[in-house]
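Just follow the structure's listing: the first ligand is 1, and inside any ligand the first atom is 1.
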Amino acid sequence: MKKVLITAGPTREPIDPVRFLSNRSSGKMGYALAEAARDAGWDVTLVSGPVCLDPLTGVSMVNVTTAAEMYDAVAEHISGMDLVICCAAVADYTPAVVEGQKLKKTGEEMKLTLVRTKDILGSCREVFGFQKTLVGFAAETQDLERYAREKLERKACDWIAANRVDGTSSGFEVDHNEIILFSAAGETIELPRDTKQNVAQRMLDILTNA
Ligand code: C5P
């Protein structure tokens with residue numbers, strides 16, 4: 001049985017015991033990919049950030065909260081995978097210090113120092129030594145193709161699935177998506193606006209027949 005690892009959802013970076021930094025990822029696209037892969041007979045490991053979706057049955061669920069935990073989970077599970085799809089919206093920065101107690105209001109301004117998180121997708125080749133099919137996502141509000149192609153190369157992916165997140169009819173939080181797939185081999189495949197389930201199924205067909 002072919003094995004796929006998928007990351008999905010946002011991460012949460014704690015500031016203090018009651019606050020965190022996160023983003024608007026719902027996890028729906030990653031979950032749709034995991035379901036489509038499961039239904040196509042794949043052995044699926046889904047590394048999920050905190051989402052409001054029901055856990056999937058018939059899939060190995062690995063629940064994480066922070067970017068660092070997601071990195072460790074991928075590092076632990078990546079060996080033996082045939083396909084890795086990094087769909088999660090991982091925080092790029094995390095607070096340098098996590099306060100032990102709830103921060104109190106003091107002055108009119110407060111400054112939060114953030115430090116870079118580790119790039120999970122960008123570590124798959126160089127750090128984890130993954131050599132099979134690697135797929136990333138690029139959510140962009142501008143210059144979609146340029147940023148996607150740059151990401152494809154920088155992160156040594158086989159495919160990048162690019163989607164605009166500046167509209168309200170596709171992308172973050174909603175049930176529909178519209179994706180353009182760019183391959184390292186130079187292909188460009190447009191998947192028109194459809195439900196995330198249908199987009200996921202088409203995407204998987206393309207990735208696996210490649
Ligand atoms: O560079 P950017 O974060 O926009 O790239 C997006 C792609 O990289 C997505 O596939 C996302 O899952 C992945 N990523 C990651 N680890 C990070 C940041 C992004 O795997 N720390």
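- Under 3.5 Å, the side chains of Arg12 and Thr94 contain no donor-acceptor pair of N or O atoms.
- Alongside Phe130, the hydrophobic cluster contains Leu5, Val47, Val62, Val64, Met70, Tyr71, Val74, Ile78, Met81, Val84, Val90, Ile120, Leu121, Val127, Phe128, Leu134 (criterion: ILVMFWY side chains under 4.5 Å).
- At a cut-off of 3.5 Å, with distance as the only test, a side-chain donor of Ser48 or Tyr31 sits close to an acceptor on the other residue.
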Return a table of N or O atom pairs, ligand 1 on one side and protein on the other, at distances under 3.5 Å, rounded to 0.1 Å.
residue, atom, partner, partner atom, Å
ligand 1, 1 (O), Lys155, NZ, 3.1
ligand 1, 4 (O), Lys151, NZ, 2.5
ligand 1, 5 (O), Lys155, NZ, 3.0
ligand 1, 8 (O), Lys155, NZ, 3.1
ligand 1, 10 (O), Cys86, O, 2.6
ligand 1, 10 (O), Phe137, N, 2.8
ligand 1, 10 (O), Phe137, O, 3.3
ligand 1, 12 (O), Cys86, O, 3.3
ligand 1, 12 (O), Ala88, O, 2.6
ligand 1, 16 (N), Asp119, OD1, 3.4
ligand 1, 16 (N), Ile120, N, 2.9
ligand 1, 20 (O), Leu121, N, 2.8
ligand 1, 21 (N), Lys118, O, 2.9

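- Qualifying side-chain contact (heavy atoms from CB on, under 4.5 Å) partners for Thr133, counting only residues two or more places apart in sequence or in other chains: Leu83, Val135, Asp158, Trp159.
- With a 4.5 Å cut-off between side-chain heavy atoms of Ile, Leu, Val, Met, Phe, Trp and Tyr, the cluster of Val115 takes in none.
- For the atom pair OG (Ser60) and CZ (Arg38), the distance works out to 12.0 Å, reported to the nearest 0.5 Å.
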